[in-house]
Amino acid sequence: MQPRHATPADVPELIRLRAVALASLGTDPGPPDSAWREVADGWFRERLTGRPDVACLVVGGAPGEPLLATGMAWVTYHLPSPRWTDGRRGYLDAIVTDEAARGRGHGRRIVDGLVGWLNGIGIHYVQLHASSDGEPVYRAAGFVTGAYPGMDLFTTPAT
């Protein structure tokens with residue numbers, strides 16, 4: 001089954017798969033009426049309809065059927081350098097396969113399709129953050145450990 005571009009009709013399933021991904025990473029996605037889900041609805045709709053620098057691929061989801069897998073890519077913008085003269089990079093995110101559909105190559109087809117989309121728009125530097133479950137898929141697709149270690153900073157919102 002080949003990936004296809006997501007449409008706004010896929011948004012409820014994209015949110016469901018986001019919850020699957022969160023649970024796989026040890027984060028409780030909360031109940032179906034959680035506030036993040038309403039925000040995610042608008043977030044997905046805006047990116048699916050109004051952003052030429054974003055692609056979302058899905059597998060499955062014929063009318064009345066659930067999605068089996070999904071993944072997104074977008075363009076990130078950085079300072080130009082001698083090797084990457086326009087400063088653009090690709091970033092892969094939200095790659096998840098529903099638990100019952102794992103082990104069938106859906107994730108790899110999503111990754112290959114997103115990398116192909118990025119290559120098609122002239123982006124040849126692609127980054128991602130890998131979970132331990134996803135790392136073998138990404139390595140098989142040619143990803144290597146990054147040259148610079150990742151770091152995070154979480155600040156406290158102003159009250």
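Quick caveat, the model's predicted, so the values are computed rather than measured.
Contact record, Leu118 with Ala73: CD1-CB, 4.0 Å, taken as the closest heavy-atom pair. For the residue pair Asp152 and Phe154, the shortest heavy atom distance occurs at CB-CE1, 3.8 Å. Ser131 and Leu25 make their closest contact through CB-CD2, 3.8 Å (heavy atoms, listed as atom of the first residue, atom of the second, distance). Listed here is the closest heavy atom pair of Pro29 and Ala23: CD-CB, 4.3 Å. Residues Pro8 and Thr49 approach most closely at CG-CG2, 3.6 Å, considering heavy atoms.
Hydrophobic cluster membership differs between Tyr125 and Trp74, with clusters built from Ile, Leu, Val, Met, Phe, Trp and Tyr side chains linked at under 4.5 angstrom. Taken together through direct or relayed side-chain contacts under 4.5 Å among Ile, Leu, Val, Met, Phe, Trp and Tyr, Leu22 and Val58 form part of one hydrophobic cluster. Under the 4.5 Å side-chain heavy-atom criterion for ILVMFWY residues, no single connected hydrophobic cluster contains both Val20 and Leu68. No path of Ile, Leu, Val, Met, Phe, Trp and Tyr side chains, each step under 4.5 Å between heavy atoms, connects Val144 with Val111, placing them in separate hydrophobic clusters. No continuous path of hydrophobic side-chain contacts links Ile95 to Val54 [ILVMFWY only; heavy atoms under 4.5 Å].
Classified by interplanar angle (parallel below 30°, tilted 30° to 60°, perpendicular above 60°), the ring pair Tyr91/His129 is tilted. The aromatic rings of Tyr138 and Phe143 lie perpendicular to each other, with more than 60° between the two planes, well past the 30° mark.
A distance-only check finds no donor-acceptor pair linking the side chain of Arg18 to the backbone of Val96 [under 3.5 Å]. In this structure, the side chain of Arg45 does not engage the main chain of Val11 through any donor-acceptor pair within 3.5 Å. A donor-acceptor pair under 3.5 Å links the side-chain atoms of Arg4 to the main chain of Gly60, judged by distance alone. A distance-only check finds a donor-acceptor pair linking the side chain of Arg88 to the backbone of Ile121 [under 3.5 Å].
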Start with the C-alpha gap between His5 and Leu57, add the side-chain angles, then the distance that decides, and say whether side chain to side chain contact (heavy atoms under 4.5 Å, CB included) holds. CA-CA 5 Å; His5 285 273; Leu57 297 180; 3.7 Å; yes
Side chain to side chain contact (heavy atoms under 4.5 Å, CB included) evaluation trace for Arg139 with Thr145: CA-CA 9 Å; Arg139 287 200 182 278; Thr145 302; 2.8 Å; yes
Could you walk me through whether Phe44 and Met72 pass the side chain to side chain contact (heavy atoms under 4.5 Å, CB included) test, one step at a time? CA-CA 10 Å; Phe44 279 116; Met72 297 185 77; 3.7 Å; yes
Verify side chain to side chain contact (heavy atoms under 4.5 Å, CB included) between Asp98 and Arg16, making sure each step is shown before the conclusion. CA-CA 9 Å; Asp98 205 0; Arg16 182 187 67 80; 3.1 Å; yes
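Residues Pro80 and Thr85 fail the side-chain proximity criterion, which asks for heavy atoms closer than 4.5 Å. Leu48 has its side chain within reach of Leu14: a pair of non-hydrogen atoms, C-beta onward, lies under 4.5 Å apart.
Summarising the geometry, atom CZ belonging to Arg83 is positioned 11.5 Å from atom NE2 belonging to His124; distances are rounded to the nearest 0.5 Å. We find the CG-OG1 distance between Asp93 and Thr76 to be 11.5 Å, quoted to the nearest 0.5 Å. For the atom pair CD1 (Ile123) and CH2 (Trp84), the distance works out to 10.5 Å, reported to the nearest 0.5 Å. With rounding to the nearest 0.5 angstrom, the CZ atom of Arg108 is 12.5 Å from the CD1 atom of Ile110.
Applying the ring-ring contact (aromatic ring centres under 6.0 Å, His included) rule to Trp36 yields no partners; only residues at least two apart in sequence or on another chain are considered.
Under the 4.0 Å criterion applied to side-chain N and carboxylate O atoms, Asp41 and Arg37 are not assigned as salt-bridge partners.
Crowding of Glu46 atom CD: a count of heavy atoms from other residues, nucleotides or ligands under 6.0 Å exceeding 12.
A side-chain contact (heavy atoms from CB on, under 4.5 Å) with His106 is found for one member of Leu67, Thr97, Thr70 and no other, namely Thr97.
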